[in-house]
Amino acid sequence: MGSEAGIGMNLGTAVPARPRTDQAMGGARTDIASAVADRALVAAAQADPQAFALLYRRYVTPLYQYLYHRVGNREEAEDLTASAFDKALASLDHYQEQGSFAAWLFSIARHTLHDQQRRRRPVVDVAAVAALLVDPAASPEAQLVQAEDAFRLHDLIQQLPPDQQEAVMLRYFSGLHTADIAIVLGRSDGAVRALLHRALLALRDGYRGEARP
């Protein structure tokens, strides 16, 4: 698993039970505090590479979840996540804050994914992706309904244009804010908001259409 393996990290435990929501991500004060914390952690890691473990712990879950939803395969997502962190650690001395650390890290992950996709086409494990969307605290009956909804949602997401798919995954499965997504995708904040708006309208219409008798 590259540099992180020596720190004792385990990507297998990095999959949250369900996507993070706006409420879970916190408000503006939390965002500012996170940015300040990231700057301090980056400075510490630049002075001592062992301190990179703190950044790894902070971002391994959202980064892994983003990559997992892109490739749909646990082992492949683990390899891509490890590779992205390896590249980030190797490039950390040259890091200059022109956005957020999260945007920089996810940009590295996205390039890593694209490099891999140029070599071979990924296989989407629909069952595993749907399982991530099910609330483990729900009753078995409720989990069954949620699982069916998760399959439908996953299928609808796969029908979106690629740029809308990626925006949805970065925003609602990895918890990135639109400003960070704009950096990752190389678009303006307004363009990202428009992508998300169109994607949500399409998902809502598709879901309602499938629900009709």
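Keep in mind that this is a model prediction, so the values were computed, not measured. This chain uses plain numbering: 1 for the first residue, then up along the sequence. Values below: every heavy atom of this structure, side chains too, minus hydrogens, waters and symmetry copies.
To the nearest 0.5 angstrom, S100 atom OG is 10.5 Å from R39 atom CZ. One distance of note links CG of L67 with OG1 of T112; it measures 8.0 Å at 0.5 Å rounding. Separation of atoms CD (Q46) and CG (L41) is listed at 11.0 Å; rounding is to 0.5 Å. The line from CG of L89 to CG of L55 is 9.5 Å long, rounded to the nearest 0.5 Å. Rounding to the nearest 0.5 angstrom, the gap separating the OG1 atom in T178 from the CD1 atom in I183 is 10.5 Å. L63 contributes atom CG, which lies 5.0 Å from atom CZ of F85 (distance to the nearest 0.5 angstrom).
Not a single donor-acceptor pair under 3.5 Å links the side chain of S91 to the backbone N or O of H94. Side chain of R70 to main chain of L113: no donor-acceptor pair is present (N/O by atom type, distance under 3.5 Å, no hydrogens or angles). Within the 3.5 Å criterion, the main-chain N or O of A77 finds a donor-acceptor partner in the side chain of T81. No donor-acceptor distance shorter than 3.5 angstrom exists from the side chain of D38 to the backbone of F101, with no hydrogens or angles considered. Without hydrogens or angle criteria, R171 side chain to L176 main chain gives a donor-acceptor distance under 3.5 Å.
Put simply, the side chain of D180 does not reach to within 4.5 Å of the side chain of F106, judged on heavy atoms. The side-chain heavy atoms of L185 and R110, taken from C-beta on, include a pair separated by under 4.5 Å. In this structure, R57 and L54 have side chains that are in contact, with non-hydrogen atoms separated by less than 4.5 Å. Looking at Y59 and Y64, their side chains never come closer than 4.5 Å, going by heavy atoms from C-beta outward.
With sequence neighbours left out, the side-chain contact (heavy atoms from CB on, under 4.5 Å) criterion links A88 to F52, W104, L105, I108. When the side-chain contact (heavy atoms from CB on, under 4.5 Å) test is applied to A199, the partners found at least two apart in sequence or on another chain are L160, Q164, V168. Residues passing the side-chain contact (heavy atoms from CB on, under 4.5 Å) test with A44, sequence neighbours excluded: A51.
One side chain, E166 or Y66, offers a donor N or O that lies under 3.5 Å from an acceptor on the other.
Applying side chain to side chain contact (heavy atoms under 4.5 Å, CB included) to L195 and the options I181, L200, D163 leaves one that passes, D163.
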